[in-house]
Amino acid sequence: MEENKMAKIVVALGGNAILSEDPSAQAQKRAVSQTAKELVNFIKNGDQLIITHGNGPQVGNLLLQQSAGDSSENPAMPLDTCGAMTQGSIGYWFQNAMREELLKNGIDKDVTTIITQTIVAEDDPAFQDPSKPIGPFYKKSEVAKLRQEHPDWKLMEDAGRGYRRVVPSPKPVKINEYRAIKQVVEAGIVPIVSGGGGIPVVERGDRLVGTEAVIDKDFSASKIAQLIKADKLIILTSGGGVYYNYGQPEQAELKTVGIEEIQEHINAEEFSKGSMMPKVKAAVDFVRQSGNPAVIGDLKDAKEIIEGTQGTMIINEGTQTEYR
Ligand SMILES: Nc1ncnc2c1ncn2[C@@H]1O[C@H](COP(=O)(O)OP(=O)(O)O)[C@@H](O)[C@H]1O
Ligand SMILES: NC(=O)OP(=O)(O)O
């Protein structure tokens with residue numbers, strides 16, 4: 001198969017950006033359709049697109065549905081299987097929406113979802129320190145009751161938006177389906193990969209065994225972007241680009257920043273642990289390893305981000321930091 005010469009762009013979409021206020025399938029499909037309209041612009045530009053997405057809200061909601069209907073005849077599915085189910089459901093929404101948009105634009109291109117298993121280390125310290133927010137946001141007044149009802153849950157405040165259940169989030173070590181993903185990319189097909197960061201599995205001899213965790217999709221997206229030698233990594237979320245002093249009166253949104261400067265802000269732990277910190281770390285890791293830029297921005301600004309007029313661009317050079 002001949003190597004595709006067009007620019008390869010990995011786009012990672014946040015679970016919270018897909019599920020904003022209305023958790024119904026219709027509302028999430030609408031958000032995905034809106035995004036698909038923007039994503040098709042990359043293809044019209046002649047770029048090769050690789051799509052990945054989060055699943056934090058969706059997998060948490062699914063776990064709640066599972067436990068509500070749990071019985072010996074119809075047992076609740078474990079977290080790794082719920083992760084796989086969200087890869088299927090969100091992948092379906094994207095395949096469906098992308099197909100429609102491509103047809104509207106007269107583009108004959110296949111889109112396919114690859115169920116992806118992400119190998120993590122069984123001794124990753126993250127298993128002892130849950131940090132990945134999943135499911136709905138709760139008010140502070142609800143926390144005591146939730147702790148009583150679910151003594152096994154750990155709850156944490158999430159970036160000023162309320163409290164959420166948190167689960168372990170080990171780092172991706174290997175993407176098991178990487179070779180398949182590479183071949184699909186080389187064939188010019190648009191793949192939807194590593195949804196929800198990939199299904200977390202650990203290696204035990206010849207077996208891959210599912211584990212109770214949710215991998216951060218930003219870290220998996222960065223790993224895939226490095227493996228396929230992407231020209232750009234774009235992380236789309238809600239709320240805009242990266243801010244210094246987020247939530248403070250003096251908050252400032254970054255337009256362009258070099259990796260060494262933003263690394264200092266990472267080292268000072270200035271970004272929220274369960275939300276912006278993984279995005280910034282994943283972006284910096286990609287830029288450092290590849291030399292290519294990464295952009296973090298709002299899903300609703302996808303068009304402007306493609307044009308380079310919105311979002312925060314992180315680049316591989318010392319530069320005068322620009323603010324919006
Ligand atoms: N420094 C920051 N700059 C911008 N947003 C931040 C920052 N710190 C926390 N946030 C919050 O992080 C959110 C994005 O993280 P999250 O909701 O976890 O993303 P995802 O869309 O991947 O689910 C933003 O909507 C914002 O509320
Ligand atoms: N798995 C994951 O990172 O999901 P979110 O993007 O929804 O946080």
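Whatever order the structure lists ligands and atoms in, that order sets their numbers, starting from 1. Residues: numbered from 1 along the sequence shown. These numbers come from the heavy atoms of this one structure, side chains and all, not from hydrogens, waters or symmetry mates.
Side-chain contact check for V11 versus I9: some heavy-atom pair is nearer than 4.5 Å. Inter-residue side-chain proximity for P293 and N316 is flagged as unmet; no heavy-atom pair is nearer than 4.5 Å. At least one side-chain heavy atom of L236 sits less than 4.5 Å from a side-chain heavy atom of I305. Counting heavy atoms from C-beta outward, T52 and I224 have side chains that stay 4.5 Å or more apart.
Residue contact check: M276 has heavy atoms under 4.0 Å from atoms 1 (N), 2 (C), 3 (N), 4 (C), 5 (N), 6 (C), 7 (C), 8 (N), 9 (C) of ligand 1. Residue-ligand proximity, G196 to ligand 2, at heavy-atom distances under 4.0 Å covers atoms 1 (N). The ligand atoms of ligand 2 that sit less than 4.0 angstrom from a heavy atom of P57 are 7 (O). Of all atoms in ligand 2, listed by their number and element, those nearer than 4.0 Å to a heavy atom of V214 are 1 (N). Every atom of ligand 2 is numbered from 1 in the order shown, and the set under 4.0 Å from a heavy atom of N55 is 1 (N), 2 (C), 4 (O), 5 (P), 7 (O). Set against the non-hydrogen atoms of D216, the atoms of ligand 2 under 4.0 Å away are 3 (O). Every atom of ligand 1 with a heavy atom of A159 under 4.0 Å away is listed here by number and element: 9 (C), 11 (C). Atoms of ligand 2 lying under 4.0 Å from any heavy atom of G54, numbered from 1 in the order shown and given with element: 2 (C), 4 (O), 5 (P), 6 (O), 7 (O).
Nearest to atom 26 (C) of ligand 1 among the protein's heavy atoms is Y246 OH, 3.2 Å. Annotation: atom 9 (C) of ligand 1 to nearest protein heavy atom, S275 OG, 3.4 Å. Looking only at protein heavy atoms, the nearest one to atom 21 (O) of ligand 1 is T237 OG1, 2.8 Å. If you check which protein heavy atom lies closest to atom 17 (O) of ligand 1, you get R161 NH1, 2.6 Å. Looking from atom 7 (O) of ligand 2 to the surrounding protein, the closest heavy atom is G56 N, 2.8 Å. The protein non-hydrogen atom at the shortest distance from atom 8 (O) of ligand 2 is K132 NZ, 2.7 Å. Among all protein heavy atoms, the one lying closest to atom 6 (O) of ligand 2 is K217 NZ, 2.9 Å. Among all protein heavy atoms, the one lying closest to atom 1 (N) of ligand 1 is Y243 O, 2.9 Å. Ranking the protein heavy atoms by distance from atom 22 (O) of ligand 1 puts K279 NZ, 2.5 Å first.
Every heavy atom of G56 sits 4.0 Å or more from the atoms of ligand 1. Residue contacts with ligand 1 include K217, since one of its heavy atoms falls under 4.0 Å from the ligand. Ligand 2 lies within reach of I215, whose nearest heavy atom is under 4.0 Å from it.
Looking at Q66 and D70, their side chains never bring a donor and an acceptor atom within 3.5 Å of each other.
Atom CD1 of I175 is separated from atom OG1 of T118 by 4.0 Å, given to the nearest 0.5 angstrom.
The side chain to side chain donor-acceptor pair (under 3.5 Å) test with T113 is passed by exactly one of H53, Q95, Q87: Q95. When each of V59, D216, V166 is tested with K132 by the rule side chain to side chain contact (heavy atoms under 4.5 Å, CB included), just one qualifies, namely D216.
Residue contacts with ligand 2: D218 is placed with no nitrogen or oxygen under 3.5 Å of a nitrogen or oxygen of the ligand (distance criterion only).
Here K303 does not pair with E38 in a salt bridge; the nearest charged N to carboxylate O distance is not below 4.0 Å.
Compare G239, S238, G240 by their heavy atoms: the one nearest to atom 24 (C) of ligand 1 is in S238. One option in P278, A252, G241 has a heavy atom closer to atom 4 (C) of ligand 1 than any other, and that option is G241.
When heavy-atom distances to ligand 1 are checked against a 4.0 Å cut-off, F271 comes that close only through its side chain, counted from C-beta outward. With a 4.0 Å heavy-atom cut-off, ligand 1 is reached by no atom of E270.
Judged by distance alone, the side chain of D110 and the main-chain N or O of I189 form no donor-acceptor pair under 3.5 Å.
Using a 30° and 60° split on the angle between ring planes, Y138 and W153 fall in the tilted class, from 30° to 60°.
Take Q117 and apply the side-chain hydrogen bond (donor to acceptor under 3.5 Å, both in side chains) test, not counting sequence neighbours, and it matches E177.
Figure legend: R164 and F137 shown as a cation-pi pair, the cationic atom lying under 6.0 angstrom from the six-membered ring centre and within 45 degrees of its axis. Relative to the six-membered ring of Y323, K255 misses at least one condition, a distance below 6.0 Å or an angle of at most 45° to the axis.
In this structure, R99 places its CZ atom where only 12 or fewer heavy-atom neighbours from other residues, nucleotides or ligands lie under 6.0 Å away.
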